Colleague: 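Structure provided below as structure tokens; questions to follow.
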Amino acid sequence: MFSHDLPLWPVQGSSGAGNVDWLFIFLLAVTGFFTLLVFALLAWFAVRYRAKPGDNRPATQIEGSYVLEATWTLIPFGFFMVMFVWGALIYVNESRPPANSMEIYAVGKQWMWKFQHPEGVREINTLHVPVGRDVRMTMISQDVIHSFFVPAFRIKQDVLPGRYTSTWFHAIRPGTYHLFCAEYCGTQHSGMIGQVVVMEPAAYETWLMGGTGEGTMASTGQKLFQELGCSNCHRSDTQGRGPNLVGVFGKPVLLDDGRTVAADDNYVRESILSPGSKVVAGFQPIMPTFQGIVSEEQLLSLIAYVKSLSQPEQREPVSNRPAVPGRAATSGTK
Ligand code: CUA
């Protein structure tokens with residue numbers, strides 16, 4: 001709402017941007033008010049209590065006032081608690097992608113952003129997304145720490161080597177927005193920039209159709225799963241030397257040391273690269289590591305495949321609207 005008139009703010013491009021701006025305005029108003037108050041009082045006291053000829057002060061010594069002390073402690077405390085709770089709510093909301101978010105995978109490297117859509121399209125430094133959808137970003141770096149920063153969406157999330165981090169957004173207006181790396185990552189850090197292109201759902205689907213060719217990430221992962229020999233042990237029955245992976249993703253897994261962990265992206269990644277660290281109960285630690293054998297992109301494809309084994313039906317089409325042209329046309333003529 002401020003963005004259109006004031007050049008001070010980037011455009012509010014996401015559903016969460018307004019909340020962040022209101023918090024920022026609140027911080028600015030509170031700190032601005034007290035800064036002005038302090039400076040005004042400073043000037044006023046300097047004039048009011050300036051030394052005058054014949055003065056012989058202090059007449060009475062002031063020993064302090066508990067009421068005053070309590071007041072100037074509790075009022076700032078109240079303001080800080082409001083800032084803390086408000087900020088924490090926004091933070092928690094931004095770090096928890098809604099269920100059924102559409103997924104985008106990102107790999108940061110010196111000095112570029114590589115994006116993968118589950119449908120198989122890959123892009124570099126430009127990310128296309130549909131307007132009006134929750135989009136969850138699952139991100140990792142293949143070298144140093146980077147940070148995924150889209151000012152218009154008011155999101156900034158560090159992208160770490162060795163571990164997936166995620167963030168999400170819900171773009172509210174089509175357009176092209178800046179993407180920055182917000183963590184100093186080497187000599188070309190300032191050149192690690194790109195753009196997020198927010199498109200109407202129909203245009204996004206058309207764009208997506210034009211880009212595929214290698215198949216979905218899950219099918220690429222399935223191919224790898226066979227090529228790397230994973231399928232020899234991880235069979236879809238109970239006879240394999242490794243756990244059957246069907247239906248595993250997203251569920252708790254009991255380990256041989258009694259712990260229970262959630263089978264999420266980071267768990268699958270660790271199981272591929274460091275199989276001995278979390279062995280599933282009832283199995284031998286015989287799996288070899290794939291450290292140095294599979295790239296970050298291949299790992300993401302393998303994860304997409306494992307994920308697909310837990311989805312009974314085909315993944316939903318790119319938007320919630322009917323993907324079949326005939327049905328889309330019918331609903332459009334109503
Ligand atoms: Cu990547 Cu700075």
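First listed ligand is number 1; within each ligand, the first listed atom is number 1. Just so we're clear, the structure is a prediction, and the values are computed from it rather than from any experiment.
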Colleague: So, Arg269 and Glu296, do they make that salt bridge, N to O below 4.0 Å?
Modeller: yes
Colleague: In terms of relative ring orientation, are Phe180 and Phe149 parallel, tilted or perpendicular, with 30° and 60° separating the classes?
Modeller: tilted
Colleague: Determine the sole option in Phe33, Phe80, Trp86 for which the ring-ring contact (aromatic ring centres under 6.0 Å, His included) test with Phe26 is passed.
Modeller: Trp86
Colleague: Identify which one of Phe148, Tyr177, Phe153 satisfies the ring-ring contact (aromatic ring centres under 6.0 Å, His included) criterion when paired with Phe169.
Modeller: Phe153
Colleague: Under 2.8 Å from atom 1 (Cu) of ligand 1, which protein atoms of type N, O or S occur, listed by chain and number?
Modeller: His146 ND1, Cys181 SG, Cys185 SG, Met192 SD
Colleague: For the residue pair Tyr49 and Trp44, does the interplanar ring angle fall in the parallel (under 30°), tilted (30 to 60°) or perpendicular (over 60°) class?
Modeller: perpendicular
Colleague: So if I apply the side-chain hydrogen bond (donor to acceptor under 3.5 Å, both in side chains) rule between His117 and each of Tyr204, Trp207, Tyr105, which one comes out positive?
Modeller: Tyr204
